[in-house]
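Below you'll find the structure, written out as structure tokens, and then a few comments.
Throughout, a chain's letter reflects where its sequence line sits, starting with A, and its residues are numbered from 1. Predicted model, so just to flag it, every value in this text is computed and none were measured.
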Number of protein chains: 2
Amino acid sequence: MTIAKQVQLGKGPLADSAASALAPMFAALADPIRLRLFDLVRRAGVDGICSCDLTEPLDRSQPTISHHLKVLREAGLVESRRDGTWIWYSIAPRALDAVSQFIQR
Amino acid sequence: MTIAKQVQLGKGPLADSAASALAPMFAALADPIRLRLFDLVRRAGVDGICSCDLTEPLDRSQPTISHHLKVLREAGLVESRRDGTWIWYSIAPRALDAVSQFIQR
DNA sequence: ATGATACATCGATAGTTATCAATGTCGTGT
DNA sequence: ACACGACATTGATAACTATCGATGTATCAT
């Protein structure tokens, strides 16, 4: 079952399990650099954007950007695919569904 | 200018200032206990809910709940008003506007 | 094979956070 | 004034996080 469905479920209070699944998504967005990273990836649309084009505009070192992208990826918000030496990032399908469900709960 | 407006502004990438203003809101929701706290307060509607009714269902000590409520309050997500010895919490008007703006950006 | 480029991982550090016991503060009732 | 209940604050601790330099890994071009 998707986290979004868990969050939506029932009319009772938000379950502990749903809250525990939801919190990491908010945590992934609880950093200015990651918010801007997510925004940049989202603006790139279905094509995605190369990791190499994300380091410079955010004024952080390459390992730091790599770290933040990993956090976003592990939260299920973005996806990556390799193309030669490049790695392209794009928004995961239904990435913000769970967050959106909570907001509109 | 509201944070929501900053997030909405323009068609360029999310500005550093907007991201820095938005991140603390996500951070405030990046904890299971606070997500459930916010949910409980929201379910209470305009009347609000007494702090004393928030400690028990979340299985945390009174200082811990007090700490989390402070985080939510300082993030502008909830408001509190005193009524005798009780303190009533309610959802701040337009609490999630900025977050919502970002999601639908 | 060699070198170069893109990205990830490691190790270290400084800053932040979640938690609780103890204590403080404020309002109420007696 | 005094005791009590509701909540906040303090102090301490363990866990987590953002950051970067150094290093590792994978792919491509020559």
Side-chain angles (χ1 to χ4, degrees), chain A residues 14 16-17 19-41 44 47-75 77-90, chain B residues 14 16-17 19-41 44 47-75 77-90:
Chain A
L14 186 66
D16 182 23
S17 57
S20 295
L22 193 51
M25 292 196 173
F26 280 103
L29 295 172
D31 180 279
I33 298 293
R34 286 199 292 270
L35 279 175
R36 296 170 66 195
L37 269 178
F38 184 89
D39 180 64
L40 287 172
V41 172
D47 301 337
I49 184 171
C50 179
S51 179
C52 59
D53 290 327
L54 292 170
T55 302
E56 186 194 357
L58 293 176
D59 196 36
R60 289 295 185 284
S61 70
Q62 177 265 321
T64 295
I65 297 298
S66 183
H67 160 68
H68 285 306
L69 286 171
K70 184 178 184 179
V71 174
L72 288 174
R73 186 156 27 84
E74 291 182 343
L77 296 180
V78 305
E79 293 176 344
S80 62
R81 95 189 114 83
R82 179 178 280 277
D83 176 25
T85 52
W86 291 276
I87 295 193
W88 292 78
Y89 280 86
S90 54
Chain B
L14 186 67
D16 183 23
S17 56
S20 294
L22 193 50
M25 292 196 172
F26 280 102
L29 296 172
D31 180 279
I33 297 293
R34 285 198 294 270
L35 280 175
R36 296 170 66 195
L37 268 178
F38 184 88
D39 179 64
L40 287 172
V41 172
D47 302 337
I49 183 171
C50 179
S51 180
C52 59
D53 289 327
L54 291 170
T55 301
E56 188 195 355
L58 292 176
D59 196 36
R60 287 295 185 283
S61 71
Q62 178 266 322
T64 296
I65 297 298
S66 182
H67 160 68
H68 286 306
L69 285 171
K70 184 178 185 180
V71 173
L72 288 174
R73 186 158 25 84
E74 290 182 344
L77 296 180
V78 305
E79 292 176 345
S80 61
R81 99 190 108 82
R82 177 178 282 277
D83 177 24
T85 52
W86 291 273
I87 294 193
W88 292 78
Y89 280 87
S90 54

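- In this structure, B/H68 reaches the sugar-phosphate backbone alone: every heavy-atom distance under 4.0 Å involves primed, P, OP1 or OP2 atoms, never a base.
- With contacts defined as side-chain heavy-atom distances shorter than 4.5 Å, the pair A/I87/A/R81 does not qualify.
- Under the 4.5 Å side-chain criterion, counting only non-hydrogen atoms from C-beta, B/R73 is in contact with B/Y89.
- For A/W88 and C/dA6, the CH2 to P distance is 12 Å, given to the nearest whole Å.
- In terms of the side chain to side chain contact (heavy atoms under 4.5 Å, CB included) criterion, residue partners of B/P32 (sequence neighbours excluded) are, by chain and number, A/A19, A/S20, A/A23.
- Dashed line: the shortest gap from a side-chain N or O of A/K70 to OP1 or OP2 of C/dC7 is not under 4.0 Å.
- Distance CG (A/D53) to C1' (C/dC7): 13 Å, rounded to an integer number of Å.
- In this structure, B/W86 atom CH2 and D/dC4 atom P are separated by 17 Å, rounded to whole Å.
- At a threshold of 4.0 angstrom between heavy atoms, the contacts of A/S51 are confined to the sugar-phosphate backbone, with no base atom among them.
- Following rounding to the nearest Å, B/R81 (CZ) and D/dA8 (C1') show an atom-to-atom distance of 19 Å.
- Distance, B/E74 CD to D/dT9 P: 9 Å, rounded to whole Å.
- Look at A/T64 and you'll find a side-chain N or O under 4.0 angstrom from OP1 or OP2 of D/dC20.
- Taking every side-chain heavy atom of B/R34 into account, C/dA18 is the closest of C/dC7, C/dA18, D/dC7.
- One atom, NE2 of A/H67, and another, P of D/dT17, lie 8 Å apart when rounded to the nearest Å.
- Judged by atom type and distance alone, A/Q62 does not reach the base of C/dA6 through any side-chain donor-acceptor pair under 3.5 Å.
- Per the geometry, CG belonging to B/L69 stands 15 Å off P belonging to D/dA6, to the nearest Å.
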Would you tabulate the pairs of protein nitrogen or oxygen atoms and nucleotide nitrogen or oxygen atoms of nucleotides 27-30 of chain C closer than 3.5 angstrom?
none

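- A heavy-atom distance below 4.5 Å is found between the side chains of A/L29 and A/L77.
- B/I65 places its CD1 atom 12 Å from the P atom of D/dC7, with the value rounded to the nearest Å.
- Counting heavy atoms from C-beta on, the side chains of B/S51 and B/L69 come closer than 4.5 Å.
- The side chain of A/I87 sits closest to C/dA8 out of D/dC7, D/dT19, C/dA8.
- The side chain of A/R60 lies closest to D/dC20 when the candidates are D/dC20, C/dA18, C/dT9.
- Note: A/H67 NE2 to A/D31 CG = 7.5 Å, rounded to the nearest 0.5 Å.
- At least one side-chain heavy atom of A/I65 sits less than 4.5 Å from a side-chain heavy atom of A/I33.
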